[in-house]
Every structure is written in structure tokens, then in C-alpha cells.
Amino acid sequence: MAGSMAREGDQTTGHGSFAPSIFLPGSSLCQKATIEGKPMLTVDVIVASHGSPTPSDPITDGKIIEGSPTSLVLCDDGVYRKVARIGDSLSCGCKIVGGAKTVGAGANA
């Protein structure tokens with residue numbers, strides 16, 4: 001079954017004591033590739049910085065590290081990257097929970 005593709009404005013789960021975050025406008029590496037009018041997300045996109053919930057926790061950025069095994073897109077820098085989907089992981093421990101209602105790619109196990 002295909003996983004719904006992620007776009008700018010979609011949300012993450014959050015992790016530990018860090019609240020969910022969103023992918024801000026301009027964060028996509030493929031500004032011309034849109035889904036439902038929003039730029040799509042790929043591996044290597046960074047989510048908005050997580051606010052530090054306590055002084056002992058550092059502020060962290062999460063980068064998408066998982067994407068569709070079968071769907072690649074040519075990004076603005078000339079690199080083909082895997083398309084991100086609901087359920088894909090970020091380097092900080094979050095997962096993507098928001099995505100397109102009409103477009104999916106690759107199997108999400």
C-alpha cells in the first residue's frame with residue numbers, strides 16, 4: 001500500500017519531551033514539485049527547530065532520513081531524493097504524521 005506523500009506545512013509526532021513540529025514554508029528541497037498546491041518533502045529536508053522543553057534538553061533540528069523505496073524526485077540542487085511520506089522517520093526521533101490526501105508513493109511498512 002502506498003504512503004501519503006508529505007508536504008510543507010505537514011506535522012511531525014514530536015518525541016520525548018519535545019512537542020510536534022511542522023515543516024515550514026521554504027523548507028522543501030523541491031520548490032517546483034508540488035502536491036495539492038504545496039511543495040513536496042524528501043529525504044534531507046529539515047523540520048522547524050524544536051523548542052527546548054527544559055534547560056537540560058538542547059534545541060534540536062530533525063532531518064528526514066527515510067523515504068519511499070520506489071519514488072524519487074529531482075530536487076532544485078540537481079540531486080534525486082526519496083519522496084517523504086506519512087510514517088517516515090527523522091534523525092531526531094520524530095515521524096511524519098501529516099501528508100497528502102490524494103497522492104501516495106512506495107510501500108509504508
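All heavy atoms count here, side chains included; hydrogens, waters and symmetry mates do not.
Of all heavy-atom pairs spanning Val73 and Ala33, the tightest one is CG2-CB, 4.1 Å. Nearest heavy atom pair, residue Asp88 against residue Val83, reads OD2-O, 4.0 Å. Nearest heavy atom pair, residue Gly67 against residue Val43, reads N-CG2, 3.8 Å. When all heavy atoms of Ile35 and Ala100 are compared, the pair lying nearest together is CG2-CB, 3.4 Å.
Under the 4.5 Å side-chain criterion, counting only non-hydrogen atoms from C-beta, Leu29 is in contact with Arg81. Between Pro20 and Thr13, the closest side-chain pair of non-hydrogen atoms is not below 4.5 Å. Within the 4.5 Å cutoff, no side-chain heavy atoms of Ser4 are placed close to those of Arg85. Looking at heavy atoms from C-beta onward, Ile22 lies out of side-chain contact with Val47 at the 4.5 angstrom threshold.
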- Test side-chain contact (heavy atoms from CB on, under 4.5 Å) applied to Val45 and Phe23, step by step: CA-CA 8 Å; Val45 168; Phe23 293 94; 3.8 Å; yes
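Here the CD1-CG distance, from Ile46 to Leu41, works out to 12.0 Å after rounding to the nearest 0.5 Å. Put simply, CD1 on Ile96 and CZ on Arg7 are 11.0 Å apart, with the number rounded to the nearest 0.5 Å. The CD1 atom of Ile64 sits 8.5 Å away from atom CG of Asp44, with the distance rounded to the nearest 0.5 Å. Taking CG from Asp77 and SG from Cys30, the interatomic distance works out to 8.0 Å, rounded to the nearest 0.5 Å. In this structure, CE in Met40 is found 8.5 Å from SG in Cys75, a value given to the nearest 0.5 Å. Of the inter-residue distances, the one linking Ser28 atom OG with Glu8 atom CD reads 5.0 Å to the nearest 0.5 angstrom.
A donor-acceptor distance shorter than 3.5 angstrom exists from the side chain of Ser68 to the backbone of Ser71, with no hydrogens or angles considered. Panel note: side chain Gln31, backbone Pro39; no donor-acceptor pair is recorded below 3.5 Å.
When only modelled atom types and interatomic distance are considered, Lys95 and Ser89 share a side-chain donor-acceptor pair under 3.5 Å.
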